[in-house]
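Below is one structure, written out as structure tokens, with a few remarks after it.
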Amino acid sequence: MSSNPHARQVYIISDRTGVTAGTMSHTLLSQFPDIDFVRHTIPFVDADDKVKACIKQINIAYETSELRPLVFVSFTDTNFTKELSQSEGLVLDLFDPFIEPMEKLLKSDSSHVMGQAHGPSESNDYMNRIDAINYSMRSDDGLRMEGYENADLILVGVSRAGKTPTSLYMALHYGLRVANYPIADDDFEKGSLPDPILDARQKVFGLMIDPMQLHQIRQKRRPNSQYAQLSQCQSEARQAQNFFKKYRFPCADSTAMSIEEMA
């Protein structure tokens, strides 16, 4: 959360978990990189009293900052959207631009039923994603390399290059079993990666990162440590890139990419 008192308040409100609305709003807000946003996700707003509580919170934010809040909503009940529109925020319905044109094309009314996207027909997909999340968590940070034969993908890169959040995002959204391995000093000294990774090299994908950004990220985690020194970050980034070239691993630069883009 930003400490800037002049930051624009953003509310992501949904009658379900808010994950879809959060992803869509994040993509839209990323188009305004020079503006400081403070995001508030309010899920399971499925009753009139909850809507009124949201309106009160939005109005207080407006009175406090004198900046009109952005309000992203994903409701199946359009009455909730209309009610929220009476607040001091700019209410943006993330589904409305698509539903009416689809109804016209398909010549059918939408169901407006909560949870429709997660009905019984998708139970197998749901269980696959849960299994993938469990696998990715068990295989995080180089753990359980003996299970790499069950991986769909293995992300490798230096510590803090974005491997773990990308692994979990791909598991959650795509049901992929993604392991990740942090390349460290021991690997650089040996000049090679562990055998389980090389045996599964067709599944390996490398993540690179700019040394300066790596330094800044590590400095927040372990201030003034050897781990966070710029020279250490430069050395690790260079040697990791040499590994990617040596083993011909496909790779991407995570420096200026969001988790969604990397996934």
Side-chain angles (χ1 to χ4, degrees), residues 19 22-23 26-27 30 33 129 131-223 225-263:
V19 171
T23 300
H26 173 77
T27 302
S30 68
R129 283 185 283 131
D131 179 65
I133 291 169
N134 288 332
Y135 176 85
S136 295
M137 292 178 66
R138 290 195 306 267
S139 304
D140 182 46
D141 215 23
L143 299 174
R144 300 196 179 190
M145 286 192 287
E146 68 275 6
Y148 279 1
E149 69 274 6
N150 298 318
D152 293 309
L153 182 68
I154 303 168
L155 296 179
V156 298
V158 299
S159 174
R160 314 312 295 178
K163 302 180 300 302
T164 294
T166 305
S167 298
L168 293 175
Y169 183 92
M170 296 182 78
L172 174 63
H173 290 273
Y174 303 114
L176 295 175
R177 294 181 166 205
V178 184
N180 74 78
Y181 178 83
I183 308 175
D185 287 339
D186 288 347
D187 302 304
F188 296 137
E189 290 175 7
K190 290 186 296 184
S192 65
L193 292 172
D195 289 339
I197 292 178
L198 299 181
D199 291 341
R201 67 177 65 200
Q202 74 279 5
K203 301 178 180 180
V204 176
F205 194 95
L207 289 184
M208 301 182 296
I209 186 170
D210 177 76
M212 180 57 72
Q213 179 161 323
L214 183 63
H215 161 66
Q216 293 171 351
I217 293 171
R218 289 184 175 183
Q219 185 70 8
K220 291 180 181 179
R221 185 174 177 83
R222 298 183 194 171
S225 64
Q226 176 61 34
Y227 169 79
Q229 291 297 312
L230 179 58
S231 58
Q232 177 74 17
C233 296
Q234 290 171 330
S235 175
E236 289 187 29
R238 182 180 64 254
Q239 292 182 83
Q241 193 166 1
N242 289 339
F243 272 156
F244 300 156
K245 292 179 180 178
K246 175 181 178 180
Y247 296 116
R248 298 182 179 180
F249 293 154
C251 57
D253 189 338
S254 67
T255 304
M257 296 176 72
S258 67
I259 294 171
E260 296 89 342
E261 289 170 323
M262 286 191 283

Whether the side chain of [X] engages the backbone of [Y] through a donor-acceptor N/O pair (distance < 3.5 Å, no angle test) should be reported.
{"X": "Gln232", "Y": "Tyr227", "answer": "no"}
{"X": "Ser235", "Y": "Ser231", "answer": "no"}
{"X": "Asn180", "Y": "Leu155", "answer": "no"}
{"X": "Ser136", "Y": "Leu168", "answer": "no"}
{"X": "Thr255", "Y": "Asp210", "answer": "yes"}
{"X": "Lys246", "Y": "Gly191", "answer": "yes"}
{"X": "Ser225", "Y": "Arg222", "answer": "yes"}
{"X": "Ser258", "Y": "Glu261", "answer": "yes"}
{"X": "Arg221", "Y": "Arg218", "answer": "no"}
{"X": "Glu189", "Y": "Asp186", "answer": "no"}

Quick check: do [X] and [Y] have side-chain heavy atoms less than 4.5 Å from each other?
{"X": "Asp195", "Y": "Met145", "answer": "no"}
{"X": "Leu172", "Y": "Tyr169", "answer": "no"}
{"X": "Gln216", "Y": "Gln219", "answer": "no"}
{"X": "Met212", "Y": "Leu230", "answer": "yes"}
{"X": "Lys203", "Y": "Asp152", "answer": "no"}
{"X": "Val156", "Y": "Phe205", "answer": "no"}

Nearest non-hydrogen partners of [X] and [Y], listed with the distance:
{"X": "Pro211", "Y": "Cys233", "result": "O-CB, 3.7 Å"}
{"X": "Thr166", "Y": "Ala263", "result": "CG2-N, 4.2 Å"}
{"X": "Met262", "Y": "Gly162", "result": "CE-O, 4.4 Å"}
{"X": "Tyr135", "Y": "Val178", "result": "CD2-N, 3.9 Å"}
{"X": "Met208", "Y": "Cys251", "result": "CE-SG, 4.0 Å"}
{"X": "His215", "Y": "Ala228", "result": "ND1-O, 2.6 Å"}

Checklist entry - Should the pair Lys163-Asp140 be classified as a salt bridge under the 4.0 Å nitrogen-to-oxygen rule? => result no

Checklist entry - Does the distance from a Lys or Arg side-chain N to an Asp or Glu carboxylate O, for Arg160 and Glu236, drop under 4.0 Å? => result no

Checklist entry - Roughly how far apart are Ser167 OG and Leu207 CG, rounded to 0.5 Å? => result 8.0 Å

Item to check | Ser254 OG to Ile259 CD1 distance, which is reported to the nearest 0.5 Å | outcome: 10.0 Å

Above 12 or not: heavy atoms from other molecules or residues under 6.0 Å from [atom1] of [X]?
{"X": "Lys220", "atom1": "NZ", "result": "no"}
{"X": "Lys245", "atom1": "NZ", "result": "no"}
{"X": "Arg138", "atom1": "CZ", "result": "yes"}

Next on the checklist: Apply side-chain contact (heavy atoms from CB on, under 4.5 Å) to residues Ile183 and Gln239 and explain how you reach the verdict.
Outcome noted: CA-CA 9 Å; Ile183 308 175; Gln239 292 182 83; over 6 Å; no

Item to check | Full working for side-chain contact (heavy atoms from CB on, under 4.5 Å) between Ile197 and Val204 | outcome: CA-CA 7 Å; Ile197 292 178; Val204 176; 3.8 Å; yes

Next on the checklist: Checking Val19 against His173 for the side-chain contact (heavy atoms from CB on, under 4.5 Å) test, could you report, in this order, the C-alpha distance in whole Å, the side-chain angles of both residues, the deciding distance, and whether it holds?
Outcome noted: CA-CA 10 Å; Val19 171; His173 290 273; 4.0 Å; yes

Item to check | side-chain contact (heavy atoms from CB on, under 4.5 Å) between Ile209 and Ile217, intermediate numbers included | outcome: CA-CA 11 Å; Ile209 186 170; Ile217 293 171; 4.0 Å; yes

Next on the checklist: Over 60° means perpendicular and under 30° means parallel, so tell me whether Phe249 and Phe244 are parallel, tilted or perpendicular.
Outcome noted: tilted

Next on the checklist: Are Tyr148 and Tyr181, when compared by the centres of their aromatic rings, separated by less than 6.0 Å?
Outcome noted: no

